[in-house]
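Heads up, the thing below is written out as structure tokens.
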Amino acid sequence: MEKEAIDGCSSLAYKLLFSCPFGLSPPQLSVVFDESYDRIPHSDISLENSISEIWDLRVQKNASLFNGKKFRYGGYSQKSGDGSNQESYVCLHLGLTDYRTFVGTNLNPSWEKFLVASEDDSTRCQHTSSPLGNGAIVETSDKKIVVLQRSNNVGEFPGHFVFPGGHPEPQEVGIETHEYGKDSKDSELVNKRVSQEMFDSIIREVVEEIGVPTTSLSDPLFIGISRRVLNVRPAIFFFIKCSLQSKEIQQLYSNAQDGYESTQLYTVSMIELERMALKMPGCHQGGFALYKLMVGASMNI
């Protein structure tokens with residue numbers, strides 16, 4: 001499913017690359033991690049050279065920048081279960097990239113020059129780093145949704161509202177290069193570990209960013225993939241229930257491990273969230289759209 005929404009500001013536009021309103025559990029979401037989904041260098045040498053130039057300038061301004069590895073989003077495939085099991089499941093196609101290339105392609109002032117004229121999303125973005133981000137729609141026990149306001153010290157969208165999230169991390173499953181999974185048996189094991197990291201990472205992000213204990217969180221349900229139109233930034237979204245009430249979460253937030261990334265935590269109703277979503281980055285607006293599809297689907301059961 002694809003849906004594009006533009007409200008007059010391209011930085012707040014999104015595209016839903018895939019929607020699963022009933023949510024997918026870990027056995028229903030698989031991953032193929034392969035170098036065929038890595039970024040393809042652009043034929044324009046000057047454009048390629050700008051990646052290093054932009055990174056060097058950023059490092060000069062901020063010596064603490066770290067060029068960590070990230071999973072690169074290279075598309076997905078969808079299949080249906082066999083026999084009596086008709087549940088659909090999704091396979092994410094992931095390659096390897098890093099933060100430096102993300103800064104030099106997706107965040108390049110000339111980022112649109114990296115795009116290819118194609119209806120196929122993976123082909124269109126084949127020259128961009130496109131690291132896979134993640135986000136969580138966290139519902140409290142009193143039926144509110146957790147929203148954070150980003151601090152002014154973050155690199156992207158300072159001051160904007162966002163859902164808790166970040167990135168699945170290759171280092172969490174011991175991946176630095178593709179050499180790790182060259183053998184067929186190794187490859188199968190790597191794919192399983194990377195698939196599990198999709199779910200482990202979002203729990204980790206929620207715990208670190210809002211301060212709640214892991215035991216208070218339900219198993220995440222994968223609800224889809226959103227991509228903001230600005231910088232073609234992709235992110236996968238999950239729905240998670242928290243057994244704590246809003247007041248309890250507010251108290252825990254003050255000691256959150258990654259609290260420096262945000263300045264305030266809100267627990268809001270759907271009506272309030274509708275207004276706040278207008279001040280979210282495009283991929284998170286897409287996350288809200290995925291949540292609304294989930295709510296609509298549950299009401300029609």
Residues two or more places apart in sequence or in another chain: which of them pass ring pair (Phe, Tyr, Trp, His ring centres under 6.0 Å) with Phe33? Phe71, His178
Apart from Phe114 itself, what residues make up its hydrophobic cluster when side-chain heavy atoms of I, L, V, M, F, W and Y under 4.5 Å apart count as a link, directly or indirectly? Leu47, Ile51
Applying ring pair (Phe, Tyr, Trp, His ring centres under 6.0 Å), can you list everything that pairs with Tyr73, at least two apart in sequence or on another chain? none
Going by salt bridge (Lys or Arg N to Asp or Glu O under 4.0 Å), name the residues that satisfy it together with Lys292, two or more places apart in sequence or in a different chain. Glu274
Taken in chain and number order and not counting sequence neighbours, the residues that satisfy ring pair (Phe, Tyr, Trp, His ring centres under 6.0 Å) with Trp55 are Tyr99
Among residues at least two apart in sequence or on other chains, which ones pass salt bridge (Lys or Arg N to Asp or Glu O under 4.0 Å) with Glu272? none
If you group Ile, Leu, Val, Met, Phe, Trp and Tyr whenever their side-chain heavy atoms sit less than 4.5 Å apart, what else falls in with Tyr37? Val32
Side chain to side chain contact (heavy atoms under 4.5 Å, CB included) with Ser246: which residues, sequence neighbours excluded? Thr140, Asp142, Lys144, Thr267
Side chain to side chain contact (heavy atoms under 4.5 Å, CB included) with Gln171: which residues, sequence neighbours excluded? Glu169
Salt bridge (Lys or Arg N to Asp or Glu O under 4.0 Å) with Arg72: which residues, sequence neighbours excluded? none
The criterion is salt bridge (Lys or Arg N to Asp or Glu O under 4.0 Å); which residues satisfy it with Lys113, sequence neighbours excluded? none
For Ser50, the side-chain hydrogen bond (donor to acceptor under 3.5 Å, both in side chains) test, sequence neighbours excluded, returns Asn108
